[in-house]
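Everything below concerns the one structure shown next.
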Amino acid sequence: MKLEKLSKFEKDLQELNIVLSDTQLNQFLIYYEMLVEKNKVMNLTTITEFDEVMKKHFIDSLSLVKVCNLSGSLSVIDVGTGAGFPGLPLKIAFPDLKVTLLDSLNKRVGFLQEVIEKLDLQNAEAIHGRAEDFAKPGQLRETFDLCVSRAVANLSTLSEYCLPYVRVGGKFISYKSDKVNIELKGSRTEIEEAEHAISILGGKLTEQKEFMLPSSDIYRTLVIIEKSRPTPKQYPRKAGTASKKPIVTNM
């Protein structure tokens, strides 16, 4: 596959004020090829058409630049990374980042390790485990500048999974996509309901950035949560509890 195929991708990158070298563009091509090939034998994504992957996975992942300065050697963990989104595109575009990809399915982690090795990405690792396990004291608890997640879960549950990884002064940023009419502001109720949980977990919701992906009608929201104090030691609760019994207000 040739770099010429990337003209739409590069145009979208320009709208995000991201400039990549030919080496980086080629890394995205290789990542795409590996994704589609591995997807033949295991379920990584339902989106496989070239331009759609570039837009809905790669550009979507990189849209983080709208709310976050990614220059420098920030330590980043991507919780529930799946096929590597948003962590791997962020690492390719901003090679100084120190990126940890966390996923509960070992086969996916194996694929991510293959991509990291093939692209020769330094300071990047993929680890197998549940979010609850590595957030315990003595593991990776409160060691990251930034936690990101595109995982499909309500914000209260995601906050319990993710905020324990963030150091005080760091951020957790959740990627959200509304499947309802934009005029209804479908994510608002979810966000409002999660504020109680976020507060309990040591965070503070500071911004909601709503936008369309470049040259599309694809709606996105980035929810920015700052870590203002340590997460109480009882969180995250044991495996599965956060999703079955999200922290909710007593109101």
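- Using a 4.5 Å cut-off between side-chain heavy atoms of Ile, Leu, Val, Met, Phe, Trp and Tyr, with links allowed through other members, Leu6 and Leu35 fall into the same hydrophobic cluster.
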- Item | Candidate pair Leu140 and Ile127, rule side-chain contact (heavy atoms from CB on, under 4.5 Å), full reasoning | CA-CA 11 Å; Leu140 299 175; Ile127 57 177; 3.7 Å; yes
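- Within the 4.5 Å cutoff, no side-chain heavy atoms of Val166 are placed close to those of Ile225.
- Looking at Ser228, its side chain does come within 3.5 Å of a backbone N or O of Gly202 through a donor-acceptor pair.
- For the side-chain contact (heavy atoms from CB on, under 4.5 Å) with Val223, the qualifying choice from Leu205, Thr206, Ile173 is Leu205, the only one to do so.
- Of the residues Ile224, Leu70, Leu16, the one that meets the side-chain contact (heavy atoms from CB on, under 4.5 Å) test with Leu64 is Leu70.
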- Message: Working note: Thr221 + Glu210, criterion side-chain hydrogen bond (donor to acceptor under 3.5 Å, both in side chains); need CA distance, chi angles, decisive distance, verdict.
- Response: CA-CA 4 Å; Thr221 302; Glu210 301 173 1; 4.7 Å; no
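- No donor-acceptor distance shorter than 3.5 angstrom exists from the side chain of Glu226 to the backbone of Lys204, with no hydrogens or angles considered.
- Between the side chain of Ser243 and the main chain of Gly240, a donor-acceptor pair closer than 3.5 Å is present.
- Between the side chain of Glu52 and the backbone N or O of Ile47 there is no donor-acceptor pair closer than 3.5 Å.
- Between Arg108 and Leu44, the shortest heavy-atom distance links the atoms CG-CD2, 3.8 Å.
- Counting only heavy atoms from C-beta outward, the side chains of Glu10 and Leu20 never approach each other to under 4.5 Å.
- In this structure, Tyr161 has its ring center no closer than 6.0 Å to that of Phe172.
- Val168 and Tyr165 are assigned to two separate hydrophobic clusters, defined by single-linkage of ILVMFWY side chains at heavy-atom distances under 4.5 Å.
- In the hydrophobic clustering of ILVMFWY residues, with side-chain heavy atoms under 4.5 Å counting as a link, Leu102 and Val109 come out apart.
- Here the closest heavy-atom approach between residue Arg141 and residue Pro232 is recorded as NH2-O, 3.1 Å.
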- So Ile77 and Thr143, side-chain contact (heavy atoms from CB on, under 4.5 Å) or not? Walk me through it. CA-CA 9 Å; Ile77 184 168; Thr143 60; over 6 Å; no
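- Put simply, Leu105 and Leu101 are part of two different groups of oily side chains (I, L, V, M, F, W, Y) that touch within less than 4.5 Å, one to the next.
- For Leu112 against Gly82, the heavy-atom pair with the smallest separation is CD1-O, 3.7 Å.
- No donor-acceptor pair under 3.5 Å is formed between the side chain of Asp96 and the backbone N or O of Gly72.
- Counting only heavy atoms from C-beta outward, the side chains of Pro137 and Lys233 never approach each other to under 4.5 Å.
- For the pair Glu114/Glu117, no side-chain contact is recorded, criterion being any heavy-atom separation below 4.5 Å from C-beta on.
- Taking the six-membered ring wherever Trp is involved, the centroid distance between the rings of Tyr31 and Phe58 falls below 6.0 Å.
- Inter-residue side-chain proximity for Leu74 and Phe94 is flagged as unmet; no heavy-atom pair is nearer than 4.5 Å.
- Judged by distance alone, the side chain of Glu49 and the main-chain N or O of Asp51 form a donor-acceptor pair under 3.5 Å.
- Side chain of Glu160 to backbone of Pro236: no donor-acceptor contact under 3.5 angstrom is found.
- Residues Cys147 and Leu163 are not in side-chain contact: their nearest non-hydrogen atoms beyond the backbone lie 4.5 Å or more apart.
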- Task: Check the pair Asp22 / Leu25 against side-chain contact (heavy atoms from CB on, under 4.5 Å), numbers first and verdict last.
- Result: CA-CA 5 Å; Asp22 284 350; Leu25 291 171; 4.1 Å; yes
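- For the salt bridge (charged side-chain N to carboxylate O under 4.0 Å, His left out) with Glu142, the qualifying choice from Lys136, Arg229, Lys227 is Lys227, the only one to do so.
- Between Ser216 and Lys56, the closest side-chain pair of non-hydrogen atoms is not below 4.5 Å.
- The main-chain N or O of Ser63 is never found under 3.5 Å from a side-chain atom of Tyr175 such that the two would form a donor-acceptor pair.
- Taking 4.0 Å as the cut-off between side-chain N and carboxylate O, Glu132 and Arg130 count as a salt-bridged pair.
- Contact detail for Phe28 and Leu62: the closest heavy-atom pair is CZ-CD1, 4.1 Å.
- Distance alone, capped at 3.5 Å, is enough to place a donor-acceptor pair between the Lys55 side chain and the Pro214 backbone.
- Across all non-hydrogen atoms, the minimal contact from Ile191 to Gln208 is CD1-NE2, 3.4 Å.
- The nearest pair of heavy atoms linking Phe144 to Val76 is CD2-C, 3.7 Å.
- Looking only at distances, no side-chain donor or acceptor of Asp145 sits under 3.5 Å from a matching main-chain atom of Gly170.
- A heavy-atom distance below 4.5 Å is not found between the side chains of Met54 and Pro89.
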- Candidate pair Gln24 and Gln27, rule side-chain contact (heavy atoms from CB on, under 4.5 Å), full reasoning: CA-CA 5 Å; Gln24 289 168 300; Gln27 286 177 317; 4.0 Å; yes
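- In this pair, Phe85 and His57 present their aromatic rings parallel. The plane angle is below 30°, not in the 30 to 60° band.
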